[in-house]
Amino acid sequence: MVFYFKVTSPEQAMPAATVCLIALAVAACTVADPLKRLGQHSPPSKGATILAGKFPPPSVFYHHFVHASKPLLMKNVLEETKYPAFMKWTDDYLSKQYGREIVDIERGKKEDRSGDNIRLDLAKFLQIYNSSDMYVVHSISESMQGEIMVPHTLQCGGFQDNLQDTVMWFSSGETKSVLHYDDVDNINCLFDGEKKIVMIDKAYKDMIEEYGWVEDKGYSMVDVDKVDPEKYSGILRAPWYQVNMEKGDCVYIPYKWYHHVYSPAGRNLAVNLWFTHLWWFNQSNCSDAGNQSKPLSDFEQASSNEILRFHFLAPFSEQKEVTEKSFLQACTCKIKDQCLKLWDKINTNSDRRLTWAELYSFDIDEAVEDLPLCFYTDDQIKLMYEAMKENDMEGEGDDTVEIDDTIETDEKEGRNDGTSAGSDTSPEESIQEKAETSETDEDIRKGQVADVDREEPREEVDETEPAADKQEESIRDEDTADTTPDQGIYEDDKRQHIEHGSHDEF
Ligand SMILES: *[C@@H]1O[C@H](CO)[C@@H](O)[C@H](O)[C@H]1NC(C)=O
Ligand SMILES: *[C@@H]1O[C@H](CO)[C@@H](O)[C@H](O)[C@H]1NC(C)=O
Ligand SMILES: *[C@@H]1O[C@H](CO)[C@@H](O)[C@H](O)[C@H]1NC(C)=O
Ligand SMILES: *[C@@H]1O[C@H](CO)[C@@H](O)[C@H](O)[C@H]1NC(C)=O
């Protein structure tokens, strides 16, 4: 219980020490500080699942974590898999091997997303980072990809074609991210130092976003060091998880889960993989996939059109298969006529229903080219309009509009500790069909959708239950790991990362 002394006028204000002395005479002495750090406000609800010493097989990972929307802490996996960067990346090695790499650096260890960024070569950074506020937040360049691994977990099922970005996070510690979410899934592997993560289930959106939420960037303006209990009562009410990472661990942070990451003082080096959230898991050939990690250089980055497929399919994610009615109803083409065209394109066997295999196998590049208004977001289309208007005024009667690189579906700004979505998701193609863009929602053939019965959302996206894999047995729910109330409170001035549970756990 916090002990307050009411001080009636400023002149009478006593120094905290005096207050304490008087308080001591009465009871225990506590300096009143109503503004608590995020993660100190209440004990965490429950622990994340912990898997020791191995990465899970792809289907287990998909069904139990990605689809189930649950975090996973993979302890000591880097040592077990002899992960090259983990074994080798000392400052000396990095300087010798990659010293001339130019890396992106953010200033200020407490993230404010002000965009105060610089670039330096890695050798220079290594000389000065211990005594500076510099934080390398840098997409792994090609030359370094041979030592960054893609665990077998992400080598089939669709994950392997959906890697979006791989980012190095390197500082001398004491970094704090804002509370935010990413529009992608995330596996973050820690090579050195510790990370303490506060995680909150996306199911608590209403509470987290009720005040001070920056919608377009996906983060909260809450001061993670001093949570204002009035303004941010929603955040303080939401159940949360905490995950404490040590060097050699990897953590899975689910798509759209809110998280805040603190790295205590000391050399802190991590690399995370962001990958597009999959609505469906392609089971074929997955069971005979190997269990070895492979270097990132063996993989292609997700194409920007694959990312558009993900966005387009989001409204259908709860359906087991998609009927024509439910397709037309939820279809987000800006012109409904294009929904019919797209339906025909996907439904190659004309059976009036789309399986997830069909939804993931239609030629997305062709579809985006033919029916761009089905795939670009309102913002992207607005930019297209603006670009077209400018074009018109300049009298450049060109029918194509360049979408410039600044259009991104995922933001890179989220920086601290591998927690933001960085991706090159800009639609790089020029868009045709200028004429059609001048039409609006009114042109949508309402008649085609108005009388459609809403399809009951079904619970499971997947047809197949995950094989009762031997490795599943080794996954245990650690209700208490890392989450005893005492540990849930910041110790020694260190910030805890928290995880919070998914819906069925509360
Ligand atoms: C920076 O600090 C780390 C320990 O946190 C140490 O290993 C490293 O050698 C230091 N680098 C320099 C250039 O002082
Ligand atoms: C998948 O497995 C089938 C049957 O086992 C095989 O014929 C096919 O070549 C495999 N495809 C890939 C891409 O490995
Ligand atoms: C990987 O698979 C091989 C054989 O398929 C097996 O001997 C080995 O123990 C497995 N390694 C791990 C880490 O599961
Ligand atoms: C599923 O995976 C198999 C094997 O890699 C591949 O041949 C097939 O095209 C995939 N299907 C879809 C819809 O991605």
Side-chain angles (χ1 to χ4, degrees), residues 57-59 61-63 66 85-99 103 105 109 120-136 150 152-163 169-175 190-195 246-247 263-270 275-290 294 298-300 302-303 305-310 312-313 316-317 320-322 345-349 351 353-367 461-464 467 494:
S59 69
F61 179 62
Y62 181 77
H63 293 286
V66 175
F86 172 67
M87 310 299 273
K88 295 203 267 186
W89 282 15
T90 61
D91 286 0
D92 275 353
Y93 180 85
L94 285 169
S95 187
K96 283 199 190 96
Q97 204 72 19
Y98 306 116
V103 292
I105 292 174
K109 293 189 167 190
L120 272 187
D121 66 51
L122 186 57
K124 180 71 189 164
F125 169 81
L126 287 164
Q127 284 164 18
I128 60 177
Y129 78 99
N130 278 337
S131 53
S132 84
D133 67 349
M134 292 184 187
Y135 195 1
V136 166
V150 175
H152 74 282
T153 306
L154 299 183
Q155 288 176 20
C156 79
F159 294 125
Q160 75 279 16
D161 303 319
N162 280 286
L163 304 177
W169 307 82
F170 194 177
S171 76
S172 56
E174 287 292 339
T175 58
L190 186 58
F191 303 160
D192 206 356
E194 290 171 54
K195 285 191 191 293
E246 297 169 303
K247 63 187 282 187
S263 302
R267 186 175 186 267
N268 202 279
L269 175 56
F275 46 102
T276 310
H277 186 65
L278 298 179
W279 304 117
W280 172 74
F281 184 77
N282 181 0
Q283 192 76 46
S284 44
N285 297 49
C286 249
S287 40
D288 40 88
K294 287 184 186 162
D298 288 5
F299 296 81
E300 306 253 332
S303 77
N305 285 346
E306 275 307 324
I307 298 166
L308 296 179
R309 185 202 302 271
F310 150 77
F312 181 80
L313 294 180
F316 306 103
S317 62
K320 200 153 191 154
E321 56 181 18
V322 180
K345 209 184 255 298
I346 304 174
N347 189 29
T348 46
N349 60 3
D351 65 352
R353 53 190 4 97
L354 301 177
T355 63
W356 279 92
E358 284 176 297
L359 290 166
Y360 267 95
S361 59
F362 74 87
D363 184 337
I364 187 68
D365 296 329
E366 185 193 292
V461 170
D462 317 280
E463 284 118 75
T464 47
K494 291 175 182 175

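Remember, it's 1-based here, ligands and their atoms both numbered in the order they're listed. Sequential numbering from 1 along the given sequence is applied to the chain's residues.
The number of heavy-atom neighbours closer than 6.0 Å to NZ of K294, taken from other residues, nucleotides and ligands shown, is 12 or below.
In the vicinity of A357, heavy-atom distances shorter than 4.0 Å reach the ligand 4 atoms 13 (C).
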Start with the C-alpha gap between W279 and F316, add the side-chain angles, then the distance that decides, and say whether ring pair (Phe, Tyr, Trp, His ring centres under 6.0 Å) holds. CA-CA 9 Å; W279 304 117; F316 306 103; over 10 Å; no
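For the residues L126, D91, D92, the heavy atom positioned nearest atom 13 (C) of ligand 1 is part of L126. Closest heavy-atom approach to atom 1 (C) of ligand 4 among the candidates N282, N285, T355: N282. When L269, T90, N130 are checked for heavy-atom proximity to atom 6 (C) of ligand 1, N130 turns out nearest.
For the side-chain hydrogen bond (donor to acceptor under 3.5 Å, both in side chains) test with K109, the passing option among S171, S132, S172 is S172; the others fail.
Under the 6.0 Å cut-off for aromatic ring centres, Y129 and Y135 do not qualify, their centroids lying 6.0 Å or more apart.
No side-chain N or O of N305 forms a donor-acceptor pair with one of S303 less than 3.5 Å apart.
Checking only distances, S284 does come within under 3.5 Å of ligand 4, N or O to N or O.
For atom 5 (O) of ligand 1, the closest non-hydrogen atom on the protein side is R267 N, 3.1 Å.
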